[in-house]
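Have a look at the structure below before the remarks.
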Amino acid sequence: MTSSLKQKAAYGAWKSPITADLIVSESIGLGGIASDGDRLYWLERRPSEGGRNVLVRRRSDGGVEDVTPGGYNVRNRVHEYGGAAFTVADGMVYFSNFADGRLYRQGLGGEPEALTPEGELRYADFRVDGMRSRLIGVREDHRGDGEAKNEIVAVGFDGSVEVLVSGSDFYASPRLSPDGQTLAWLSWNHPNLPWDGTELWTAQLTEAGRLTAPKKITGGTAESVFCPQWSPDGVLYFVSDRASWWNLYRQGDNGVEPLFPLNAEFATPQWVFGMSTYTFLSAERLVCTYTQRGLWQLATLNPKSRRLQNLETPYSQISSLTAHGDRLAFLGGSATQSSAFLLMDLDEGEVEVLRRSTTLEIDPGYLSQPQPIEFPTSEGMTAYGFFYPPQNRDYDPLEGEKPPLLVKSHGGPTAAASSGLRLSVQYWTSRGFAFLDVNYRGSTGFGRDYRQALDGQWGIADVDDCANGANFLAEQGWVDGDRLAITGSSAGGYTTLAALTFRDTFKAGASYYGISDLEALATDTHKFESRYLDRLVGPYPEDKERYMARSPIHFTDRLSCPVVFFQGLEDKVVPPNQAERMVEALREKGLPVAYVPFEGESHGFRQAANIKRALEAEFYFYSRVFGYEPAEAIEPLEIENME
């Protein structure tokens, strides 16, 4: 379509085919792929089924079918965030069911049978120990008082349970050697999280299946070890940041050996179980993915020659690498292609799409391409992000108008912005918003030093980077400096609220289950993150004054712009009272405020109707604040104190 045929309309008032209904009705979440003989298994999170995780199977004939029946949700809450909720061997599936936390097994064509009893127990990250007719994995025990107890346990196919490893605060990645004689695992203790410092251990298995001769391979309080795996010939591989970047290593005859030192990250923060950034197609062929400046690259590495060779693919987001015979299964996506499970023949370069997260085909004329940017920030440092300019093939802006900007502060805060296609971002840009996804200090993908630049500075450095990113774009003339908004969820919600409270850069904001009271978070959260703030803010209660000084709830007098809050009422990570106290403070001050609570939602929204409502309500909220008229009808949002 030529420019002369385009309509002229205000930014924000552009009509877009990327609707909220389209996003939630046609999209699924993908995760947890596994290979078993000539079959592949993976999880699909279906918003149309209330966010239920369904295990599906690709048969040898290429057909795809559901495995777990209705009423079962393949998900766990170990560390609250879960992950690695199923495993499969010889056609038998083993999975954790979210409703009751029990482990189940299910044969081909059969019904699920419970392996473990009801109770306050959670299970994750299991592998089949076929020699001993059992599973080995992580159990989280909530039966006693105080903190939950984490252990590595063996669960027999007869339902018996034996504790194999205990004593540390956390465990992950129990992995059996190919001969079944050695177990490797990760452990760590408070106050560290797995991206701060972990230990890699091995132990021999006796004939009776117990562990003997435990040995620490590497790791400690200042080294993060990730994703231990055994090669087909029985060598232990892993990722470590012992040299500042998460790189590949192995346990050699003379100790730990680096495979290919590179200023790149071959890992991601271990928020959930079961992450995989490399796999073995053979003992001499390792396939891996790594990231530089937020963009992921697929590569092969020969462990003998230690030669890394990049593979040309159209994908910039790559994860969940799994060997399937002599082919590679992985989750891939790009700025213009939705994420999909893919099966790749590396020799022929052929790629088969197993399942896409959406069947939608969006005209590229409505898609904004992310542009990696760098910008100066406080302390003389450089911060990073992905900038999305407005894009809609049907519209030109009004003469002299610049677009409003929505800044995204990602969650974590130990996480990273994605360059993959997200229709939730394109929803904004196709309506005339500019969008900035900030990789503020503390983000992963830029080395350990950048990740630790947030230590003691949460609520300061991240806020500076989001504000400076917005100011940078305004100074370049790319966005309207008087129409800057910020949005974020969870920890990103905290950065959002802190930016709105302690800076005057933004004119509006949206908090999704965001933190407003750091002190409450330090004293009322789950085990996994209970000491997270020791590093990000400082030890509590010793540094109580610092917690008070950085909590937006205590400084609502500094707020001078509208804010909308979205909150799941069953959230155990950031309880609803965090949002409700902030809403009440804004209400009393007379500032425009809206509160949208969701029954049945926890930390992150899974139900299609709620995802739709939140997206449209935020867009409607900004329409009232920035003075544009949405092109389509949106259910109005009640905004208090809005004239």
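Atom set for the values below is all heavy atoms of this structure, side chains included, hydrogens, waters and symmetry mates excluded.
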Is it true that R285 and D347 have a side-chain N and a carboxylate O under 4.0 angstrom from each other? yes
Centroid separation Y450 to Y384 less than 6.0 Å: yes
Side chains of Q391 and T429: donor-acceptor distance under 3.5 Å anywhere? no
Got a sec: does the CG of N310 have more than 12 other heavy atoms crowding it under 6.0 Å? yes
Taking 4.0 angstrom as the limit, do E265 and R448 come out as a salt bridge? no
Would you call K304 and E284 a salt bridge, taking side-chain N to carboxylate O under 4.0 Å as the test? yes
Report yes or no: do T218 and R242 form a side-chain donor-acceptor pair below 3.5 Å? yes
Using a strict cut-off of less than 4.0 Å between a Lys/Arg side-chain nitrogen and an Asp/Glu carboxylate oxygen, indicate whether K612 and D21 qualify as a salt bridge. yes
Describe, in one word, how the ring planes of Y290 and F266 are oriented to each other, choosing from parallel (under 30°), tilted (30 to 60°) and perpendicular (over 60°). tilted
Verify whether one side chain among N392 and W14 offers a donor that lies under 3.5 Å from an acceptor in the other. no
Donor on one side chain, acceptor on other, S316 and S419, under 3.5 Å: yes
Less than 6.0 angstrom separating the ring centers of Y94 and F157, yes or no? yes
Would you indicate whether D253, at its atom CG, is surrounded by more than 12 heavy atoms from other residues, nucleotides or ligands within a distance under 6.0 Å? no
Any heavy-atom pair between the side chains of L193 and T414 that's under 4.5 Å? no
Tell me whether E361 at atom CD has more than 12 heavy atoms from other residues, nucleotides or ligands lying less than 6.0 Å away. no
Should W271 and F528 count as side-chain neighbours, where that means a heavy-atom distance under 4.5 Å? yes
Under-4.0 Å salt bridge between R105 and E111: no
Can you say whether the rings of H410 and Y440 are parallel (under 30°), tilted (30 to 60°) or perpendicular (over 60°)? parallel
Are F226 and W195 an aromatic pair by the rule of ring centers under 6.0 Å? no
Electrostatic pair R46-D66, nearest N-O below 4.0 angstrom: yes
Once you measure the plane-to-plane angle for F280 and Y278, does it fall in the parallel (<30°), tilted (30-60°) or perpendicular (>60°) bin? perpendicular
Any side-chain heavy atom of T182 sitting closer than 4.5 Å to one from L176? no
What I want to find out is whether R306 reaches E257 closely enough, with some N-O distance under 4.0 Å, to be called a salt bridge. yes
Determine, for Y427 and R431, whether the Lys NZ or Arg CZ falls below 6.0 Å from the six-membered ring centre while staying within 45 degrees of the axis. yes
Taking the six-membered ring for Trp, are F170 and W188 parallel (under 30°), tilted (30 to 60°) or perpendicular (over 60°)? parallel
Using 4.0 Å as the upper bound for N to carboxylate O, is an ion pair formed by D345 and R327? no
NZ/NE/NH1/NH2 to OD/OE distance under 4.0 Å, R39 and D36: no
Without hydrogens or angle criteria, can the side chains of D394 and Y366 be said to hold a donor-acceptor pair below 3.5 Å? yes
For F387 and W478, I'd like to know if the aromatic rings sit close, meaning centre-to-centre distance below 6.0 Å. yes
May I ask you to decide whether R393 forms a salt bridge with D363, counting only side-chain N to carboxylate O separations under 4.0 Å? yes
Stacked cation flag R451 on W246, 6.0 angstrom / 45 deg: yes
Considering the options M275, Q229, Q270, which one meets the side-chain contact (heavy atoms from CB on, under 4.5 Å) requirement together with S173? Q270
Salt-bridge contact R175-D125 (side-chain N to carboxylate O under 4.0 Å): yes
Any side-chain heavy-atom pair of L200 and L236 under 4.5 Å: yes
S320 and F341: which non-hydrogen atoms are nearest, and at how many Å? CB-CE2, 4.3 Å
Is K408 salt-bridged to D437, going by a charged N under 4.0 Å from an acidic O? no
Distance-only side-chain donor-acceptor flag, W42 / E44, under 3.5 Å: yes
Got a second to check how far R422's CZ is from S357's OG, nearest 0.5 Å? 12.5 Å
